[in-house]
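Only one structure is covered here, and it is reproduced in the block below.
Letters A, B, ... mirror the listed sequences (proteins, then strands); counts begin at 1.
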Amino acid sequence: MMNKGFQISIQGSDKIVTCREDESLLSGLARYGQKEVPAGCRQGGCGVCKIRVLKGEFETGKMSIKHVSAMEKDMNFTLACKTFPKSDMVITVNIKGDRKWQ
Amino acid sequence: MAISGVLRPGFVQIRVLDMAESIIHYRDRIGLEMVGTEADGRVYLKAYDEFDRHSIILRECDEAGLDVMAFKVSNETYLDEYEEKLRGQGFEVTAIAAGEQPGVGRRISFMAPTGHRFDLYVDMELSDNGPMTNNPDVSQLDPRGMKALRFDHCLLYGGDIDGTKKVFEDILGFSTSEVVVDDDTGMIIALFLTCSNKAHDLALVRHEEDGKLHHVSFLVEDWTSLRDAADIMTRYDISRDIGPTRHGITRGQTIYFFDPSGNRNEVFSGGYAYYPDNPLRVWQASSVGKAIFYYERELNDRFMTVVT
């Protein structure tokens, strides 16, 4: 049975986006025209879409350790392009990262 | 002989997060030939129109980016001269013995002021799968995927691009074909270096962080090849950055896209023929949109920020 997807909300924003189980968080957000999380290489290498997960379950693909260290990974920092939701999620983009946040 | 000294970009070693995915990307999508996998895990590939043994090396690592870009030099006399001049300018030059890469002779290696490692070498074995030389057909092997003809150039990001420019011009004999300058101060923001008839063999953009890779470029035959490459990108859901479009700088036609580790690739065609007596072409930063993406006339968000 096709999963209906998970509800993703961004802290500080009232928008809620549905992300399918078979797509990355970044792809899900992009389908709704969400620009809160910027898209870079979409392959886990550049770190531009770095976020922190505040609530919810997820799996990750391979990401450059330069942008998400082992310690950061334990603290639920991740790259949206390599994050695959496994439940409803709350994320924040207002983190200290290596780019200026709008 | 007109072209002597540094001949051309010879090879790059790229760090990838997942080797299996990367082989599919570079071999099946871009269309490179597999040359071999060595005991240390590095994978060697070449484009079908290159004579030499290999040009692209993939190394699996937990961080994407560029290990080294290497240039082929015409003879040992030049290599010795470069080594002496580099040392004379205070650079630490490391000797890499023949055989560190299969089929490659001795190399010298130095770190440029922008934090990029460059190697120089004279000898590389010829490939059995190179272009034919006796009543040659257009290709020996049937081109595949995006039909990349050769590894063409790199664009690298780092701080002291003036310093790296000086090394390539004063020691290695490159010329600068084009620059982008700040309208008010004249400070160089981007520069395009050539050692050949090509509009660029190496490009540099000023950036807060050293040692970064913007893209590794592959030559394809023409504008139609870019359309076919774009079809492949959509067909296989490859992460595309921008294009098909044209650069004002070099006038080359282009698509930027990403490998499975986020390293940017380019397929590139055209561009003018450069001669060392050509006047420098200058772009003001206020026209940088047109300089980089001639049709869009503006940079996209990713051009200045997304590097590995």
Side-chain angles (χ1 to χ4, degrees), chain A residues 10 19-51 58-75 77-84 93-102, chain B residues 14-26 29-30 58-67 115 155-157 207-216 233-234 236-242 255-266 299-308:
Chain A
I10 300 173
C19 189
R20 293 196 305 253
E21 199 173 4
D22 61 348
E23 69 183 354
S24 73
L25 195 52
L26 188 68
S27 302
L29 293 169
R31 267 192 302 113
Y32 287 81
Q34 286 282 347
K35 301 282 186 209
E36 276 89 345
V37 182
C41 70
R42 307 182 195 89
Q43 302 286 0
C46 76
V48 156
C49 64
K50 192 171 182 177
I51 57 164
F58 61 100
E59 289 176 359
T60 56
K62 287 190 177 172
M63 301 178 285
S64 198
I65 201 161
K66 179 180 169 56
H67 299 295
V68 183
S69 67
M71 190 190 287
E72 285 181 313
K73 209 172 174 183
D74 288 344
M75 294 162 70
F77 287 97
T78 184
L79 302 182
C81 69
K82 289 287 173 181
T83 299
F84 303 92
V93 297
N94 297 309
I95 57 169
K96 280 184 193 164
D98 46 8
R99 79 179 290 285
K100 279 178 266 171
W101 298 94
Q102 304 290 332
Chain B
I14 305 164
R15 294 190 298 269
V16 299
L17 302 176
D18 184 298
M19 187 59 81
E21 282 183 12
S22 302
I23 289 173
I24 290 171
H25 178 84
Y26 285 97
R29 307 298 174 241
I30 293 179
L58 306 177
R59 182 171 74 86
E60 195 168 58
C61 185
D62 54 14
E63 180 181 339
L66 182 76
D67 278 335
L155 168 55
L156 306 178
Y157 277 33
H207 187 66
E208 58 203 12
E209 196 176 356
D210 276 345
K212 306 309 283 182
L213 169 67
H214 186 275
H215 70 259
V216 173
M233 289 178 206
T234 296
Y236 292 100
D237 201 21
I238 292 170
S239 177
R240 186 178 56 90
D241 184 1
I242 192 166
I255 307 173
Y256 284 156
F257 57 107
F258 296 99
D259 82 359
S261 310
N263 298 304
R264 192 186 275 94
N265 295 150
E266 176 183 48
L299 297 185
N300 64 1
D301 293 340
R302 286 180 289 270
F303 186 80
M304 294 305 292
T305 54
V306 174
V307 290
T308 53

Query raised in the report: At a heavy-atom separation under 4.5 Å, does B:Arg240 approach chain A through its side chain, its backbone, both, or neither?
Result: backbone
**Report entry** B:Asp301 versus chain A, the contacting section by heavy-atom distance below 4.5 Å
**Finding:** neither
**Report entry** Distance-minimising heavy-atom pair for A:Ser64 and B:Ala64
**Finding:** OG-N, 3.1 Å
Query raised in the report: Mind checking what makes side chain to side chain contact (heavy atoms under 4.5 Å, CB included) contact with B:Asn300, not counting sequence neighbours?
Result: B:Asp241, B:Ile242, B:Phe293, B:Arg302, B:Phe303
Query raised in the report: With a 4.5 angstrom heavy-atom cut-off, which part of B:Ser239 approaches chain A: side chain, backbone, both or neither?
Result: both
Query - Residues in side chain to side chain contact (heavy atoms under 4.5 Å, CB included) contact with A:Thr60, at least two apart in sequence or another chain - result: A:Phe58, A:Met63, A:Lys73, A:Thr78, A:Thr83
Report summary line: Here the gap from B:Leu17 atom CG to A:Gln43 atom CD, rounded to the nearest 0.5 Å, amounts to 9.5 Å
Query - Nearest heavy-atom neighbours spanning B:Thr305 and A:Val48 - result: O-CG2, 4.2 Å
Query - Approximate separation, where rounding is to 0.5 Å, of B:Lys212 NZ and A:Cys46 SG - result: 10.0 Å
Query raised in the report: CZ/B:Phe258 to SG/A:Cys81 distance, rounded to the nearest 0.5 angstrom?
Result: 10.5 Å
